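Notes follow once the structure below has been shown.
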There are 2 protein chains.
Amino acid sequence: MALTRDTVVETAVRLLTQYGLADLSMRRLARELDVQVGALYWHVASKQELLVDVAAHLLAKIPDNAPSQEITSANDDDVAWVRQELSVVCHSIFDALLPIPDSADVVQWAAATRPEALRAVGILRDLLTHLPVEPTRIHAATSLLLHHIVGIVAELQNATMAVGEDQLEARRVNDRLRESFEWGLERVLDALA
Amino acid sequence: MALTRDTVVETAVRLLTQYGLADLSMRRLARELDVQVGALYWHVASKQELLVDVAAHLLAKIPDNAPSQEITSANDDDVAWVRQELSVVCHSIFDALLPIPDSADVVQWAAATRPEALRAVGILRDLLTHLPVEPTRIHAATSLLLHHIVGIVAELQNATMAVGEDQLEARRVNDRLRESFEWGLERVLDALA
DNA sequence: ACCTGAACACCGTTCAAGT
DNA sequence: ACCTGAACACCGTTCAAGT
């Protein structure tokens, strides 16, 4: 069966999930797919382009309960609903990245270079337009939320690497950073709504 | 003259500043210092350890006007002073990183793996202890500020790379992200004090 | 259209051996 | 103590040539 861009991306995601970024090389990917390295370059222009697709894939399942009506942020109930929905989306980004090694680095980089390629960024933006945030600050607010999420995930993934086998210590670090995530998210959402 | 760890780190900083992270290889560094690659490994254990030192070096000049008296956050004036000082420190981190290509990536990684090696992180922590932030949230608050700063710098550095020669467009992107930085910083500081 | 084979120009790390 | 020389096991990217 012929190679497709989708199978290349999916295999890349699998390698990242199982072995981390250090083992996600074009050569390793080619070996996994039983082709020569050169074959990959028929389907993707570069490793960087591939990593953007990998990041997009990792964030593909973020729920998108777009506001059904035109919410004008005049109504307090509506603002509360949007705030709650933002919290849900942020948590689901967090949960999607946490189990994938080095995913925070990949997404951080993809978000900085090609944010429009990440569905999750668009979802955050759309929700933020329904809050009393000036239109010129939507981008800033999106970045603020995203940097908080991937920043904490990066800390968590690196710390988990560092403690190694020590299950007890790993759990402590995990709990502490999870709470940092929750606390910071509340502070930021408070600042926005 | 014999090689020292300091000259290795300083040369690494120079290479990063002039050519970016892609050209900061151990081999390139050795060539620059007129030694064999192996010589570097007498002075640093690994490239990762070297990069932590590079990050620390980039943030070495952050001002540290520690509160002279014991400020107990009871006094409104004192809180205002600490808030102002936090703003100064955040701006000086921003300004220190901005002109150094890929420095946001390097610092992001160093902060996630060995935050205690970065003086700037300690300075932020100390200032935050003088705000009405619960002691258990000091770490979370430090992370929130730091992720915002390096996140925006990363966006800015990547966007500047992307627009390339177009000076006018570069300036527009620069101004927009600078404003995002200011706006986000105010929101976060408001949430803390 | 899609892939192979082979090359080009690199990497980080280790280590016996030299001084 | 500090460094060389040389090796080991890799990288990303390109491209003529094959099918």
Side-chain angles (χ1 to χ4, degrees), chain A residues 1-55 57 101-102 105-106 109-110 112-114 117 158 161-162 164, chain B residues 1-55 57 101-102 105-106 109-110 112-114 117 158 161-162 164:
Chain A
M1 194 199 69
L3 206 57
T4 66
R5 190 187 170 107
D6 278 347
T7 59
V8 172
V9 174
E10 277 157 27
T11 307
V13 170
R14 187 168 59 72
L15 282 181
L16 182 68
T17 305
Q18 293 181 344
Y19 309 107
L21 194 56
D23 283 310
L24 174 45
S25 67
M26 296 303 272
R27 297 179 113 95
R28 179 72 198 277
L29 198 49
R31 213 160 57 223
E32 211 78 9
L33 290 162
D34 273 310
V35 294
Q36 299 293 318
V37 223
L40 299 177
Y41 286 88
W42 183 262
H43 299 279
V44 298
S46 66
K47 188 181 180 180
Q48 302 208 352
E49 194 193 270
L50 173 62
L51 284 180
V52 170
D53 273 26
V54 167
H57 197 102
D102 305 314
D105 295 343
V106 176
W109 182 81
T113 46
R114 302 223 14 246
N158 278 297
M161 296 260 64
Chain B
M1 193 200 66
L3 205 57
T4 66
R5 190 187 171 108
D6 278 347
T7 59
V8 172
V9 174
E10 277 157 27
T11 308
V13 169
R14 188 168 58 73
L15 283 181
L16 183 69
T17 305
Q18 293 182 346
Y19 310 107
L21 194 55
D23 283 310
L24 173 45
S25 67
M26 296 303 271
R27 297 180 113 96
R28 179 71 198 277
L29 198 48
R31 212 160 60 223
E32 210 79 9
L33 289 162
D34 272 310
V35 293
Q36 299 293 318
V37 223
L40 299 177
Y41 286 88
W42 183 262
H43 299 279
V44 298
S46 66
K47 189 181 181 181
Q48 302 208 351
E49 194 193 89
L50 173 62
L51 285 180
V52 170
D53 274 26
V54 166
H57 197 102
D102 305 315
D105 296 343
V106 176
W109 182 83
T113 46
R114 300 223 15 245
N158 278 297
M161 294 260 65

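Small disclaimer: the values here were computed from a predicted structure and weren't measured. Chain identifiers are assigned alphabetically (A, B, ...) following the order of the sequence lines, protein sequences preceding nucleic acid strands; residue numbering begins at 1 within each chain.
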[N] versus [M] - spacing of their [atom1] atoms, nearest Å:
N: C:dT14; M: D:dC3; atom1: C1'; answer: 14 Å
N: C:dC10; M: D:dA9; atom1: P; answer: 22 Å
N: C:dC2; M: D:dA17; atom1: C1'; answer: 13 Å

Checklist entry - B:Arg5: what forms a salt bridge (charged side-chain N to carboxylate O under 4.0 Å, His left out) with it, not counting sequence neighbours? => result B:Glu49, B:Asp53
Next on the checklist: Suppose we screen for side chain to side chain contact (heavy atoms under 4.5 Å, CB included). Which residues come up paired with B:Gln18, at least two apart in sequence or across chains?
Outcome noted: B:Arg14
Checklist entry - Sequence neighbours excluded, which residues qualify as side chain to side chain contact (heavy atoms under 4.5 Å, CB included) partners of A:Arg27? => result A:Ser25, A:Val37
Roughly how many Å is it from [atom1] in [X] to [atom2] in [N], rounded to a whole number?
X: A:Leu50; N: D:dC11; atom1: CG; atom2: P; answer: 14 Å
X: A:Arg31; N: D:dC11; atom1: CZ; atom2: C1'; answer: 12 Å
X: A:Leu40; N: C:dC2; atom1: CG; atom2: C1'; answer: 12 Å
X: A:Leu33; N: C:dC2; atom1: CG; atom2: C1'; answer: 14 Å
X: B:Leu3; N: D:dA1; atom1: CG; atom2: C1'; answer: 13 Å

Item to check | For DNA chain D, the residues among residues 10-28 of chain B that have a non-hydrogen atom under 4.0 Å from it | outcome: B:Arg27
Below the 4.0 Å mark, does [N] have OP1 or OP2 next to a side-chain nitrogen or oxygen of [X]?
X: A:Gln36; N: C:dG5; result: yes
X: B:His43; N: D:dA1; result: no
X: B:Trp42; N: D:dC3; result: no

Checklist entry - With pairs taken as Watson-Crick or G-U wobble and both distances under 3.5 angstrom, which stems of at least three consecutive pairs involve DNA chain C? => result C:4-8 with D:12-16, C:12-16 with D:4-8
N/O contacts under 3.5 Å, protein versus nucleotides 14-19 of chain C?
none

Next on the checklist: Tell me whether B:Thr113 contacts the main-chain N or O of B:Trp109 through its side chain, where contact means a donor paired with an acceptor under 3.5 Å.
Outcome noted: yes
